[in-house]
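This report concerns only the one structure given below.
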Amino acid sequence: MERAPLLDGHGRRIADLRVSVTDRCNFRCQYCMPAEGLPWLEHERILRFEEIARLVALLASMGVHDVRLTGGEPLVRRDFPALVAMLAALPDVRDLSITTNGYLLERDAQALVKAGAMRFNVSIDSLQRDRFYALTRRDALDQVLRGLRLLAGFPQIGPIKINAVAIRGFTEDEVPAFVELARSSAYEVRFIEFMPLDADHAWTPEQVLSGAQLHALIDALHPLEPLEREPSATARVYRFADGQGRIGLINPVSEPFCGDCNRIRLTADGKLRTCLFSLAETDLRGPLRAGADDAELEQIIRDAVWRKELKHHIGERGFIQPARTMSAIGG
Ligand code: SAM
Ligand code: SF4
């Protein structure tokens, strides 16, 4: 059943949903989780596959056609390919993608592609084994790269995007290797500015390597040319002037793109978040389990989305970091 589009109070039409399928993770990235992990949600608080599928179907019928599955690490959720198959079968879901740290891709890539996953983002912050270990606290680069190569062998998915968090004092040294990778493969390498969503609340503005600084570093190696920005895209995409490869710069801190943000998020425990930096959330799991029908759920969702934040306030006086970390929100 086709429903009216989902609009917020600032006139933005919501078309993109990020679903966190678990808060658990097999990595402990410095910018996301503490070394000892976090207290995981108890099993019964996590949305079941049928519950996720019901909410996704409802949102998709309101025009939220793009769905990205994330976490925590989505591939650690048991039977995750079965969820992918359920969502891929929904008629109004047009784009189904996954963000993963890649550690379990060797095991799962085939099952996920077969289940209907269409696009993948694989997070890799360093192409050097020791530095990868230092940042993720896991000696796992080789395994991730093997999974990535396996995934790249499936012609029906792509382009595969590689996401690296841009941290000043760390990422500069990674630029030449990532540039070579972007130029010698079909991967689109994207740098994401470090955001204040770390578990340790240790973020400072000085730790952000900005998109402008990265652009200068990359352009000095091989000149870049901007491509036109697609509406609501997070990344500014560039191609190398000689036509070999692409680079994406995601600059939420230095150049916020809130103005045409079309995204909402569903956490693993069934809370609707209208911004990465929301300080309030809307519970959908409670009404769902209490027997709310689709019309009631639709009204709760519309009311929450209507109040979607105009923008984030990073860098402004009084900015408050959300209690949840990126791993518990779903990046
Ligand atoms: N575990 C999966 C992964 O790492 O790809 C999916 C979840 S992870 C939270 C999603 C994305 O958020 C990853 O690309 C990760 O690098 C990014 N991320 C996590 N914490 C971040 C932060 N504080 N600032 C910017 N990006 C962050
Ligand atoms: Fe896990 Fe992804 Fe967070 Fe790293 S960024 S700790 S892989 S959820």
Side-chain angles (χ1 to χ4, degrees), residues 18-38 40-41 68-77 80 97-105 108 112 117 119-126 132-141 143-144 147-148 151 160-168 170-171 174 178 187-205 207-211 214 234-235 248-254 256-257 263 265-268 273 276-277 312 314-315 321-331:
R18 312 280 161 108
V19 182
S20 172
V21 302
T22 178
D23 59 328
R24 296 177 191 233
C25 190
N26 41 9
F27 282 16
R28 296 286 181 273
C29 303
Q30 302 263 4
Y31 49 74
C32 183
M33 279 221 196
E36 64 281 11
L38 290 164
W40 309 129
L41 291 164
R68 170 168 296 281
L69 303 176
T70 178
E73 172 49 36
L75 275 62
V76 305
R77 175 97 191 234
F80 178 56
S97 57
I98 296 173
T99 299
T100 172
N101 63 28
Y103 187 69
L104 294 173
L105 274 178
D108 289 348
L112 292 170
R119 296 187 302 112
F120 287 80
N121 289 1
V122 182
S123 304
I124 303 177
D125 298 308
S126 170
F132 183 97
Y133 178 34
L135 207 62
T136 62
R137 303 185 178 107
R138 295 289 183 268
D139 184 10
L141 178 62
Q143 181 160 337
V144 170
L148 181 65
L151 189 63
I160 297 171
K161 293 175 182 159
I162 296 181
N163 290 343
V165 178
I167 303 169
R168 189 181 288 171
F170 182 90
T171 307
E174 298 294 330
F178 275 124
Y187 305 131
E188 180 178 311
V189 175
R190 311 191 314 168
F191 295 95
I192 309 175
E193 288 177 349
F194 179 27
M195 290 181 275
L197 291 168
D198 54 318
D200 300 327
H201 287 231
W203 181 93
T204 61
Q207 290 172 292
V208 181
L209 182 63
S210 73
L214 273 163
T234 52
L249 299 176
I250 304 177
N251 309 333
V253 179
S254 67
F257 33 81
R263 286 170 290 283
R265 291 179 157 79
L266 180 64
T267 65
R273 292 181 63 89
L276 264 180
F277 296 93
H312 71 61
I314 302 173
Q321 178 166 343
R324 286 188 194 253
T325 63
M326 190 66 139
S327 64
I329 296 171

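Note that this is a predicted model, so its numbers are computed, not measured. One-based numbering, in listed order, for ligands and for the atoms of each.
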- Item | side chain to side chain donor-acceptor pair (under 3.5 Å) partner of Y31, the single match among D198, D125, T136 | D125
- Nearest-0.5 Å distance that lies between atom OG1 in T171 and atom CZ in F191: 7.5 Å
- Query: Counting no waters, what protein N/O/S atoms lie under 2.8 Å from atom 3 (Fe) of ligand 2?
  - Reply: C32 SG
- Item | R24 and E73: CA distance, side-chain angles, deciding distance, side chain to side chain contact (heavy atoms under 4.5 Å, CB included) verdict | CA-CA 6 Å; R24 296 177 191 233; E73 172 49 36; over 6 Å; no
Pairs of nitrogen or oxygen atoms, one from ligand 1 and one from the protein, closer than 3.5 Å: please tabulate them with distances.
residue, atom, partner, partner atom, Å
ligand 1, 1 (N), G72, O, 3.0
ligand 1, 1 (N), E73, OE1, 3.1
ligand 1, 5 (O), T100, O, 3.2
ligand 1, 5 (O), S123, OG, 2.5
ligand 1, 14 (O), S123, OG, 2.7
ligand 1, 16 (O), Y31, OH, 3.3
ligand 1, 23 (N), Y31, O, 3.0
ligand 1, 23 (N), M195, O, 2.9
ligand 1, 24 (N), M195, N, 2.9

- Nearest-0.5 Å distance, CG of residue L135 to SG of residue C29: 6.5 Å
- Item | Side chain T99, main chain G71, donor-acceptor under 3.5 Å | no
- Task: Verify the distance criterion only: is there a donor paired with an acceptor across the side chains of E193 and S254 at less than 3.5 Å?
- Result: yes
- Counting N and O atoms only, with roles assigned by atom type, does the side chain of Q207 sit under 3.5 Å from a partner on the main chain of T204, one being a donor and the other an acceptor? yes
- Determine, stepwise, if the pair T100 / N121 fulfils side chain to side chain contact (heavy atoms under 4.5 Å, CB included). CA-CA 6 Å; T100 172; N121 289 1; over 6 Å; no
- Item | Straight-line distance of L75 CG to D108 CG, nearest 0.5 Å | 4.5 Å
